[in-house]
Amino acid sequence: MAEPASPAAAELAQKIRAKAARVGVVGLGYVGLPLAVEYAGAGYYVTGIDISEPKVARLNAGDSYVGDVPSATLAPLVSAGKLRATADFSVIRDLDTIDICVPTPLRKTKDPDMSYIVAACEEIAKYFHPGMLVILESTTYPGTTDELVLPMLEKSGLKVGKDFFLCFSPERVDPGNPNYQTKNIPKVVGGTTAECTSLGHMFYSQALETVVPVSSTQVAEMVKLLENTYRMINIGLVNEMAVMCDGMGINVWEVIEAASTKPFGFMPFYPGPGLGGHCIPIDPFYLSWKTKQAGIEARFIELAGNINGQMPHFVVSKIQNALNDVGKAVKGSKIHVYGVSYKRDIDDVRESPAFDIFHLLQKRGGMVSYSDPHVPEILMEDGSRLRNDPEAMKTADCVVIVTNHSAFDYQELVEQAKLIVDTRNALKGIQSEKIVRL
Ligand SMILES: NC(=O)c1ccc[n+]([C@@H]2O[C@H](COP(=O)([O-])OP(=O)(O)OC[C@H]3O[C@@H](n4cnc5c(N)ncnc54)[C@H](O)[C@@H]3O)[C@@H](O)[C@H]2O)c1
């Protein structure tokens with residue numbers, strides 16, 4: 001790395017190297033908390049800032065609310081005074097670095113909702129001071145860092161690349177992945193100026209294993225969107241394959257398994273009941289929104305969004321057909337959803353296709369229940385609450401496997417359930433007339 005050109009950069013670089021830099025993380029959710037823990041573990045004093053008082057209280061009590069961060073890891077860092085949380089943004093006066101990890105959802109119109117980034121930056125701007133490194137990690141459209149965040153920070157009269165430093169670094173965390181976590185997922189970072197990139201690179205290199213610098217914030221922003229769009233489109237393709245195979249009586253899972261034996265040029269993606277989570281169903285629309293402004297239509301994204309969005313309907317029609325085959329209908333039947341989080345072995349239900357499936361079944365007169373060892377209760381669309389009810393599986397007319405948690409006892413399921421629609425190939429290798437596969 002080149003020697004820093006400005007005095008502020010040189011001072012910050014020295015603090016970062018000496019682990020004397022005071023690290024701040026704004027937004028302590030699935031992304032921010034693991035990052036804060038990583039820096040505290042690397043020897044920095046870390047302050048997390050979150051508007052959620054319950055999260056602040058739990059963190060300060062050493063009680064983790066994020067599956068990938070065990071309380072046994074968090075608590076010693078809190079007791080050693082290395083990590084603390086607050087809802088008071090004035091602590092920024094004493095911080096040297098800030099990673100912004102706030103939500104970036106879509107509005108109902110599928111337009112980006114930038115309100116969380118704007119609110120966080122407004123607070124940061126109030127206490128902004130020379131020598132700070134600010135890194136946006138929230139997934140967003142290309143241009144956000146330089147077009148939206150930079151002007152808010154430059155209102156202070158400070159100059160980027162000279163008095164303060166600004167980067168974008170996409171967050172790639174994969175909740176529930178036992179092999180890849182914040183520390184060993186390579187971190188891409190791009191700054192507004194070369195000096196910014198260089199400081200961002202140095203900052204992440206202190207706590208994370210691999211850092212990949214790129215030439216601008218826009219490239220870094222686009223990297224994340226390429227990664228997630230790639231996944232969304234390939235899932236769309238394989239979902240369409242599943243529908244085609246279903247129409248032709250071919251087992252799509254066997255097709256994918258055999259195609260995966262090709263040692264080059266093929267990467268398996270798997271069909272399912274629909275997209276879920278905070279990233280894959282949402283991020284590509286940040287890109288399509290932005291490209292529309294440049295007169296470019298993101299046709300792959302729209303098409304894949306359409307196909308993926310149809311999957312809950314396809315699953316419900318499979319349930320309906322399966323019930324019809326045993327002389328029943330959805331109307332008046334008890335249907336049990338097996339797994340409601342958006343993917344295996346996590347407790348996150350955001351955007352889970354289980355909700356679409358519940359809604360469609362209820363609309364057709366079905367009576368729904370669910371079991372999920374990771375999710376004790378869910379809030380339904382109509383405001384009512386449904387509780388985890390594993391016993392209901394035994395009396396249901398049909399069980400639909402929406403999430404293939406490893407904690408489920410599939411053998412017991414096959415023995416006790418009357419009829420099963422398996423959208424995840426969770427019952428691979430088990431032969432039974434009760435099973436209808438996607
Ligand atoms: N969860 C993932 O798997 C994942 C993976 C990669 C990228 N991302 C991206 O990372 C970002 C954060 O996602 P997340 O899953 O951690 O979200 P999250 O909802 O779990 O956490 C966000 C936190 O920010 C807090 N917050 C909201 N507004 C705030 C404000 N103005 N000031 C301070 N705190 C505020 C919330 O209280 C919450 O604790 C999003 O852009 C998301 O798309 C998420």
Side-chain angles (χ1 to χ4, degrees), residues 24-38 47-60 64-69 85-92 95 98-107 112-127 134-142 144-145 148-149 152 168-177 180-182 185-189 220-221 223-232 275-287 289 341-352:
V25 176
V26 175
L28 296 168
Y30 290 93
V31 167
L33 183 62
L35 184 74
V37 164
E38 224 39 82
T47 306
I49 307 173
D50 202 294
I51 52 171
S52 159
E53 294 281 1
K55 280 188 183 166
V56 167
R58 285 189 66 177
L59 191 154
N60 286 333
S64 176
Y65 45 83
V66 168
D68 288 340
V69 176
T86 177
D88 176 5
F89 282 79
S90 70
V91 293
I92 289 172
L95 299 179
I98 291 185
D99 280 82
I100 304 173
C101 308
V102 296
T104 42
L106 283 175
R107 295 191 189 283
D113 179 356
M114 305 309 287
S115 62
Y116 298 87
I117 292 183
V118 169
C121 289
E122 276 170 356
E123 289 298 325
I124 294 168
K126 282 188 202 161
Y127 307 102
V134 176
I135 307 177
L136 179 62
E137 294 211 8
S138 302
T139 306
T140 184
Y141 59 81
T144 306
T145 311
L148 183 76
V149 178
M152 294 181 75
F168 182 83
S169 176
E171 180 46 60
R172 294 164 145 176
V173 73
D174 182 21
N177 187 326
Y180 288 100
Q181 303 227 326
T182 302
I185 298 173
K187 195 86 174 108
V188 171
V189 62
E221 288 159 341
V223 165
K224 174 75 183 176
L225 296 177
L226 170 61
E227 290 167 6
N228 282 1
T229 303
Y230 169 83
R231 280 189 63 73
M232 183 240 205
L275 293 184
H278 208 265
C279 294
I280 311 293
I282 290 175
D283 302 348
F285 291 101
Y286 269 71
L287 180 57
W289 175 84
S341 62
Y342 77 84
K343 70 171 185 174
R344 180 187 171 88
D345 296 345
I346 63 165
D347 62 1
D348 193 348
V349 297
R350 287 180 294 182
E351 311 288 326
S352 171

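Counting convention: from 1, in listed order, for ligands and their atoms alike. FYI, the numbering just counts along the sequence from 1.
Near V26, meaning under 4.0 Å from any of its heavy atoms, are these atoms of ligand 1: 32 (N), 33 (C). Contact atoms of ligand 1 toward K224: 6 (C), 7 (C) (distance under 4.0 Å to a heavy atom of the residue). Close approach of ligand 1 to Y116 is summarised as follows: ligand atoms under 4.0 Å from at least one heavy atom of the residue are 27 (C), 28 (N), 31 (N).
Across Y342, F89, Y286, heavy-atom proximity to atom 32 (N) of ligand 1 is greatest for F89. Nearest residue to atom 34 (N) of ligand 1 from V173, T104, V66, I51 is I51 (criterion: closest heavy atom). Nearest-residue assignment for atom 3 (O) of ligand 1 (options P34, P175, G277; heavy-atom criterion): P175. Selection from V118, V102, V31 by nearest heavy atom to atom 40 (C) of ligand 1 gives V102. Summarising the contacts of atom 39 (O) of ligand 1 with D50, N228, D174, the nearest heavy atom is found in D50.
Within the 4.5 Å cutoff, side-chain heavy atoms of I117 are placed close to those of L136.
The closest approach between a heavy atom of R350 and any atom of ligand 1 is below 4.0 Å.
Not one N or O of D283 is nearer than 3.5 Å to an N or O of ligand 1, by distance alone. Ligand 1 has an N or O atom lying under 3.5 Å from an N or O atom of K55, backbone or side chain.
Residue-level proximity to ligand 1 for E123 is absent, since no heavy atom of it falls below 4.0 angstrom. In C279, the part holding a heavy atom less than 4.0 Å from any atom of ligand 1 is the side chain. If you look at Y65 next to ligand 1, there are no close heavy atoms at all, none under 4.0 Å. Using a 4.0 Å cut-off between heavy atoms, S138 contacts ligand 1 through both its backbone and its side chain.
For atom 21 (O) of ligand 1, the closest heavy atom belonging to the protein is G29 CA, 3.2 Å.
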